[in-house]
Every structure is written in C-alpha cells, then in structure tokens.
Enquirer: 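Dumping the structure here so I can ask a few things about it.
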Amino acid sequence: MFYDLFCQLCEKKGVSVTRAAVEMGLSRTIGSKWKRTGATPNGETLNRIAEYFGVTTDYLLTGDEPNKNAAIDNVDDDLREYLDELRSRPETRLLFSVTKNATKSQIEAIVKMIEEMQSNT
C-alpha cells in the first residue's frame, strides 16, 4: 500500500507525514486520504514525492529497489574505474558534488585551474 511506503520514507527522512506533504506543496491532509482510501497519487504528485525523497517513481509504486549496478554493467573499464573511485574517495565525491550544478563557464575555469596546477608540477 502506498501510504505505508510513504510513512517509511518519512520516518527515514525524520519528518512527519504532514510536514513532508506541506514541504512538497501538497495538502496537509493528503496522508490521511491515502491511508483512508488506499489511493495512489497521480503522476505529477508521484514525481514530486520521488524528488523529495530521492527515490524513483517505480520505487514508490512497487516498493522494489532498482538495481543500481545494472547501468554500470554495460560500461567500459575506464568508466567503471572512474565510478569506483568516485564512490570510494571522499575528495573525489566532494569535487563531483561541488561541480554537479556548475555552469559551463565555471567548469571551464576549474579545468583551467587544474591544467595550471599540472603545468606547475
């Protein structure tokens, strides 16, 4: 049942059902409605909920965790090595998270700084 999964996600995030609903711009009483009727939200609301909790809409509908390694199975060795490093090194993760939302000009400036650092060594 959707409501049970929603409650589990709220608990993991440390928020009440009402607070989560309000933070997503939904009605304060939507949780009660889902509980009472057994309803599942529509597509737009599912997308909002998935984004809020950082899960997929498939997870919200089925409760099944996606296979996170399925896409990695089809990549070349260089990319696999890079992904493994990204997962395991805190400084690499930090660099990636900082640049994830950077603009093109910001990325170009960062690349220029790195190139300058390499030429000075």
Side-chain angles (χ1 to χ4, degrees):
M1 187 167 153
F2 173 79
Y3 179 76
D4 295 329
L5 183 59
F6 185 79
C7 287
Q8 290 171 6
L9 290 168
C10 288
E11 188 176 316
K12 283 182 187 176
K13 190 168 176 112
V15 296
S16 69
V17 169
T18 302
R19 179 174 170 193
V22 169
E23 288 180 356
M24 287 182 275
L26 304 174
S27 162
R28 297 177 55 81
T29 60
I30 195 69
S32 298
K33 176 184 174 187
W34 294 331
K35 182 178 182 179
R36 187 178 64 256
T37 65
T40 300
N42 66 26
E44 181 183 327
T45 303
L46 273 176
N47 286 333
R48 215 185 286 185
I49 295 167
E51 184 176 319
Y52 179 80
F53 289 113
V55 298
T56 64
T57 53
D58 286 343
Y59 177 74
L60 292 174
L61 294 171
T62 66
D64 293 333
E65 293 283 347
N67 181 355
K68 293 180 181 178
N69 293 326
I72 295 174
D73 292 341
N74 297 322
V75 298
D76 65 31
D77 290 337
D78 288 339
L79 182 54
R80 186 182 322 277
E81 184 178 322
Y82 175 75
L83 291 171
D84 288 341
E85 185 174 325
L86 183 60
R87 282 192 202 101
S88 62
R89 294 184 57 200
E91 63 276 13
T92 307
R93 292 182 85 157
L94 176 63
L95 181 62
F96 179 76
S97 71
V98 168
T99 59
K100 187 167 50 172
N101 295 319
T103 65
K104 182 179 179 184
S105 62
Q106 290 170 325
I107 295 290
E108 289 170 350
I110 292 167
V111 168
K112 185 175 180 180
M113 286 188 327
I114 291 170
E115 288 171 343
E116 288 175 8
M117 289 171 50
Q118 287 177 328
S119 67
N120 291 335
T121 58

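Note that the structure is predicted; figures quoted are calculated from it, not measured.
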Enquirer: Taking only residues two or more places apart in sequence, or in another chain, which ones meet Glu11 in a salt bridge (charged side-chain N to carboxylate O under 4.0 Å, His left out)?
Expert: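 Residues passing salt bridge (charged side-chain N to carboxylate O under 4.0 Å, His left out) with Glu11: none at all.
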Enquirer: Any donor-acceptor pair under 3.5 Å linking the side-chain atoms of Thr18 with those of Ser16?
Expert: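 Looking only at side-chain atoms, Thr18 and Ser16 do not form any donor-acceptor pair under 3.5 Å.
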Enquirer: Quick one: do Leu61 and Ile30 end up in the same hydrophobic cluster if we chain Ile, Leu, Val, Met, Phe, Trp and Tyr together by side-chain heavy atoms under 4.5 Å apart?
Expert: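 Yes; tracing contacts between hydrophobic side chains, which count when under 4.5 Å, links both residues.
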Enquirer: Quick one: CD on Glu116 to CD on Gln118, what's the gap to the nearest 0.5 Å?
Expert: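 Those atoms lie 11.0 Å apart.
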Enquirer: How about Lys33: does its NZ atom have over 12 heavy atoms from other parts shown lying under 6.0 Å from it?
Expert: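 Incorrect, the count does not exceed 12.
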Enquirer: How about Asp64 and Asp58: do any of their side-chain heavy atoms sit closer than 4.5 Å?
Expert: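 Contact flag for Asp64/Asp58 side chains = no.
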Enquirer: Quickly, which of Val55, Val15, Asp4 forms a side-chain contact (heavy atoms from CB on, under 4.5 Å) with Leu9? Name it, please.
Expert: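 Filter result, single survivor: Val55.
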Enquirer: Quick check for you: to the nearest 0.5 Å, what is the distance between Thr40 atom OG1 and Ile49 atom CD1?
Expert: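 Here the rounded value is 9.5 Å.
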Enquirer: Side-chain contact test, heavy atoms from C-beta onward, threshold under 4.5 Å: evaluate it for Tyr52 versus Leu26 and give yes or no.
Expert: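 No. Closest side-chain heavy atoms not under 4.5 Å.
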Enquirer: Taking only residues two or more places apart in sequence or in another chain, which ones pass salt bridge (charged side-chain N to carboxylate O under 4.0 Å, His left out) with Arg48?
Expert: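 Salt bridge (charged side-chain N to carboxylate O under 4.0 Å, His left out) check on Arg48 returns Glu44.
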Enquirer: Please answer whether the main-chain N or O of Ser32 pairs with a side-chain N or O of Thr29 as donor and acceptor at a distance below 3.5 Å.
Expert: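 No, Thr29 side chain to Ser32 backbone: no donor-acceptor pair under 3.5 Å.
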Enquirer: For atom CD of Glu81, decide whether the heavy atoms of other residues, nucleotides or ligands shown that lie under 6.0 angstrom number more than 12.
Expert: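 Count not over threshold, so no.
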Enquirer: Under a 4.5 Å cut-off applied to non-hydrogen side-chain atoms, are Tyr59 and Leu5 in contact?
Expert: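 They are in contact (side-chain heavy atoms under 4.5 Å apart), so the answer is yes.
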Enquirer: Please list, chain by chain and in numerical order, all residues satisfying side-chain hydrogen bond (donor to acceptor under 3.5 Å, both in side chains) with Glu51, sequence neighbours excluded.
Expert: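 Expected list: none.
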Enquirer: Quick check for you: to the nearest 0.5 Å, what is the distance between Cys7 atom SG and Lys35 atom NZ?
Expert: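 Taking SG in Cys7 and NZ in Lys35, the distance rounds to 7.0 Å.
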Enquirer: Can you see which heavy atom on Phe2 is nearest to which on Ala39, and at what distance?
Expert: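 Phe2 and Ala39 have their closest heavy atoms at CB-O, 4.1 Å.
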Enquirer: Taking atom CD of Gln8 and atom CZ of Phe53, what is their separation to the nearest 0.5 Å?
Expert: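 It comes to 11.0 Å.
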Enquirer: Which heavy atom in Gly31 sits nearest to a heavy atom in Val17, and how many Å separate them?
Expert: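 Closest pair (atom of Gly31, atom of Val17, distance): CA-CG1, 3.8 Å.
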Enquirer: How far does NZ of Lys112 sit from CD1 of Ile114, to the nearest 0.5 angstrom?
Expert: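 That separation rounds to 13.5 Å.
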Enquirer: Taking all non-hydrogen atoms of both residues, which atom of Ser27 and which atom of Ala21 are closest, and how far apart?
Expert: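 Heavy atoms of Ser27 and Ala21 come nearest at O-CB, 3.4 Å.
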